[in-house]
Amino acid sequence: MVVAVKKRTKRFIRHQSDRYVKVKASWRKPKGIDNRVRRRFKGQFLMPNVGYGNNKRTRHQLPDGRKKFLVNNVKELDVLLMQNTKYSAEIAHNVSARKRKEIVQRAQQLNVRLTNGNARLRSEENE
């Protein structure tokens, strides 16, 4: 397993988003002819470019060294039977609590790690 080293973990924020509420923080490339950020003046916000890309071998890797695999039902979980050391399953957001319980039980049988195994599971005392 290769340790994932990220070149940058901070998000790139939009020019003047700290100054105006109407300008949201999500990145937009500045297009103005006199823009300081576009012209890369010292002390200005950095612009994203290809050099910030992560290592191809460690891209999309979770901190435990595995990659996510989105699961919608129990049958899709069986794909990870032989790949349970390389991938972690993540239950999709639109799966009901009843199906989630079945997926969690099947994952324990297959020894597959779930990233969000506790989500939407109510304890037996509350019911």
Side-chain angles (χ1 to χ4, degrees):
M1 181 184 90
V2 181
V3 179
V5 177
K6 303 235 182 276
K7 291 185 187 171
R8 183 181 168 101
T9 54
K10 284 169 59 177
R11 293 183 63 92
F12 291 98
I13 66 167
R14 187 177 177 180
H15 178 52
Q16 291 193 332
S17 65
D18 54 341
R19 197 165 182 203
Y20 301 108
V21 177
K22 63 187 175 188
V23 178
K24 300 288 184 271
S26 62
W27 175 253
R28 296 291 184 274
K29 186 173 172 66
K31 303 278 192 344
I33 56 171
D34 293 331
N35 191 282
R36 303 182 299 190
V37 175
R38 184 189 60 77
R39 290 163 69 188
R40 298 198 178 105
F41 282 14
K42 188 165 61 174
Q44 303 304 314
F45 292 136
L46 295 171
M47 288 200 299
N49 56 43
V50 74
Y52 288 107
N54 293 320
N55 186 340
K56 194 182 253 186
R57 290 168 67 194
T58 61
R59 196 174 297 154
H60 307 299
Q61 204 176 65
L62 298 170
D64 66 351
R66 300 162 192 251
K67 294 187 178 183
K68 279 185 193 175
F69 181 79
L70 199 63
V71 171
N72 290 295
N73 54 46
V74 180
K75 192 175 180 184
E76 288 179 6
L77 197 63
D78 295 337
V79 175
L80 298 179
L81 178 62
M82 300 300 289
Q83 303 292 331
N84 61 357
T85 57
K86 290 182 184 167
Y87 291 92
S88 291
E90 181 164 304
I91 305 171
H93 79 281
N94 56 353
V95 177
S96 67
R98 184 169 56 94
K99 290 284 183 188
R100 273 172 195 270
K101 198 179 284 186
E102 294 171 19
I103 291 171
V104 169
Q105 289 170 352
R106 183 66 177 145
Q108 286 175 339
Q109 292 169 2
L110 296 176
N111 199 20
V112 172
R113 186 173 291 172
L114 288 171
T115 59
N116 58 349
N118 298 330
R120 243 190 277 177
L121 287 180
R122 294 170 70 203
S123 59
E124 297 299 321
E125 308 93 51
N126 296 348
E127 292 176 3

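The chain is numbered in sequence order, starting from 1. It should be emphasised that the depicted structure is a prediction, and the values quoted were computed from it without experimental measurement.
Atom CZ in Arg66 sits 12.0 Å away from atom NZ in Lys86 (nearest 0.5 Å). One distance of note links NZ of Lys101 with CZ of Arg120; it measures 13.0 Å at 0.5 Å rounding. We find the CG-CZ distance between Leu80 and Arg106 to be 11.0 Å, quoted to the nearest 0.5 Å. Taking NE2 of His15 as the start and OH of Tyr20 as the end, the distance is 9.0 Å to the nearest 0.5 Å. Rounded to the nearest 0.5 Å, atoms CG (Leu81) and CD (Gln109) are 11.5 Å apart.
The nearest pair of heavy atoms linking Ala107 to Leu77 is N-CD2, 3.4 Å. The shortest heavy-atom contact between Ala4 and Gln61 is CB-OE1, 3.6 Å. The shortest non-hydrogen separation linking Ile103 to Val95 is CD1-CG1, 4.2 Å. Nearest approach of Glu76 to Leu70, heavy atoms of both residues: OE1-O, 3.8 Å.
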Audit row: Leu110, Asp78, side chain to side chain contact (heavy atoms under 4.5 Å, CB included) steps and yes/no: CA-CA 8 Å; Leu110 296 176; Asp78 295 337; 3.5 Å; yes
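Side-chain contact between Val104 and Leu114: present, with at least one pair of heavy atoms (C-beta onward) separated by less than 4.5 Å. Residues Val79 and Tyr87 have side chains not in contact (no heavy-atom distance under 4.5 Å, counting atoms from C-beta outward). Looking only at side-chain heavy atoms (C-beta outward), Met47 and Trp27 come within less than 4.5 Å of each other. Annotation: side chain of Leu46 is in contact with side chain of Arg8 (closest heavy-atom distance under 4.5 Å). At a threshold of 4.5 Å between non-hydrogen side-chain atoms, the residues Lys99 and Asn73 do not count as touching.
Of the candidates Asp64, Thr85, Asn84, Arg113 forms a side chain to side chain donor-acceptor pair (under 3.5 Å) with just one, namely Asp64.
Between the side chain of Asn116 and the backbone N or O of Ile91, at least one donor-acceptor pair lies under 3.5 Å. Side-chain atoms of Arg59 come within 3.5 Å of backbone atoms of Asn54 as a donor-acceptor pair (strictly under, hydrogens ignored). Proximity of a side-chain donor or acceptor of Arg38 to a complementary backbone N or O of Lys29 within less than 3.5 Å is not detected.
With hydrophobic clusters built from ILVMFWY side chains whose heavy atoms lie under 4.5 angstrom apart, Ile13 does not share a cluster with Val23.
Few gaps surround NZ on Lys67; more than 12 heavy atoms of other groups in view lie less than 6.0 Å from it. Atom CG of Asn49 sits in a crowded spot, with more than 12 heavy atoms from other residues, nucleotides or ligands closer than 6.0 Å.
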